[in-house]
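Accompanying notes for the structure given below.
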Amino acid sequence: MTDQQPAIRLTGLTKEFGAVTAVDHVDLEIAAGEFFSMLGPSGSGKTTVLRLIAGFEQPTDGTIELFGQDVTKRAPFDRDVNTVFQDYALFPHMNVIDNVAYGLRVRGIGRKERNERAARALASVRLEQLAGRKPSQLSGGQRQRVALARATVVEPKVLLLDEPLGALDLKLREQMQVELKEIQRDLGITFIFVTHDQEEALTLSDRIAVFNNGRIEQLGTPDELYERPTSRFVADFVGTSNLFDHERSVALLGRAGHHSVRPEKMTVTHDGLDGDGVVNVHGTVVEAIYLGSGVRLVVDLDDGTRVTVLEQNVRGRAHDDERGDRVVVSWHDDDVVPLGTEVLPGISG
Ligand code: ADP
Ligand code: MG
């Protein structure tokens, strides 16, 4: 029963380019039908993992299985996956429907079936009216949807997407995020989505692998990664965190090891808050940034620790915090996330 096998299984996957280890012993299973994201900074190995799965690169070591079959040595066209690239790579001289039908033509499918299937794929991305246009006559978002239709028309079991929304402006990107999710749900195929944008990964994914230096730093649901990061790298990369190193953790929290507290779990008042487990620390407002939906306050605590506090713009919120104000920053002990004792260079507490 191939369907009970994971869509993808990577075992000890490693890719070296000369002295650079781009992918470093990655083990990973992705379930059939999952919307799975690989999230990480530039150069962390995400694209290389995708290219290894697609077969555009050969691993230095390790294996790749698709639905239980070892495809490590197979050519790209012999794997049931397809790729959507960031630059879309549409053929400029072909109109939209011919672009979409291209993969079917290469597979020797006749004109009639080709055009029917391409029309269906175009309808799935709501572009059926633009079938006769050339790519140059489309907006960025429309081109992106053509690329998606072209990749899905051959009905791959797995779709690989390498930063497919990277070229779009914010508004369009947010709109396309919603559409991508709907398309994935409609098609029911496995999406492996690469992004360096943590918000995009959190919004779209069933699960996320956070990459750092060719390795998976943490694997989990968006909720797990955000609420329970297990390292300073993840706490800092996924969302914004106030990081307390060991020394400051001992002083401020009475705990050993590194810790983090999310900005939205902190509150700023003039007199502090009462209650079991509430920590109150005095400080001075350094910056108050109005965000519309909220206010971001940067506060220097009296021991020198700089924290960021995110306050919702709700009724009754005090709007009078200004640079130089003396305040009390409060948070609950339950919202302190332990991060172990590792030391990561480049991230200051
Ligand atoms: P990401 O997609 O996360 O930005 P990449 O997978 O593109 O990261 O790159 C990972 C590392 O491998 C980087 O250090 C990059 O410079 C290196 N790399 C990627 N492709 C090649 C290549 N063809 N030749 C040499 N080095 C490469
Ligand atoms: Mg990349």
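First listed ligand is number 1; within each ligand, the first listed atom is number 1. Below, all heavy atoms of this structure are taken into account, side chains as well, without hydrogens, waters or symmetry copies. We count residues from 1, following the sequence as given.
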Does an N or O anywhere in [X] fall below 3.5 Å from an N or O of ligand 1?
| X | answer |
| --- | --- |
| F17 | no |
| S44 | yes |
| G43 | yes |

Assess the residue pair D98 and R150 against the criterion (salt bridge (Lys or Arg N to Asp or Glu O under 4.0 Å)); give the C-alpha distance rounded to whole Å, side-chain angles, the decisive distance to 0.1 Å, and a yes or no. CA-CA 9 Å; D98 288 344; R150 191 179 58 169; over 6 Å; no

So does [X] have more than 12 non-hydrogen atoms from other groups sitting under 6.0 Å from [atom1]?
| X | atom1 | answer |
| --- | --- | --- |
| D169 | CG | yes |
| E182 | CD | yes |
| R326 | CZ | yes |

Just heavy atoms, cut-off under 4.0 Å: does T48 contact ligand 1 by side chain, backbone, both, or neither?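 Both of them.
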
My understanding is that only residues two or more places apart in sequence, or in another chain, count here; which of them pass side chain to side chain donor-acceptor pair (under 3.5 Å) with T63?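 For T63 there are no side chain to side chain donor-acceptor pair (under 3.5 Å) partners, ignoring immediate neighbours.
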
So, using salt bridge (charged side-chain N to carboxylate O under 4.0 Å, His left out) as the criterion, who are the partners of R262 when residues are at least two apart?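 Checked R262 against salt bridge (charged side-chain N to carboxylate O under 4.0 Å, His left out); zero matches.
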
Can you check whether a protein heavy atom sits less than 4.0 angstrom from atom 15 (C) of ligand 1?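 False for atom 15 (C) of ligand 1.
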
Which of the numbered atoms in ligand 1 are below 4.0 angstrom from a heavy atom of P41?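 In order of numbering, the contacting atoms are 3 (O).
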
Top protein contact for atom 12 (O) of ligand 1, by heavy-atom distance: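 Minimum-distance protein heavy atom for atom 12 (O) of ligand 1 reads A22 CB, 3.2 Å.
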
Has S42 got an N/O/S atom less than 2.8 Å from the Mg ion (ligand 2)?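 Short answer: no, not a single N, O or S atom is under the cut-off.
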
Judged by non-hydrogen atoms, does S42 sit under 4.0 Å from ligand 1?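 In this structure, S42 qualifies as a contact of ligand 1 - some heavy atom is under 4.0 Å.
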
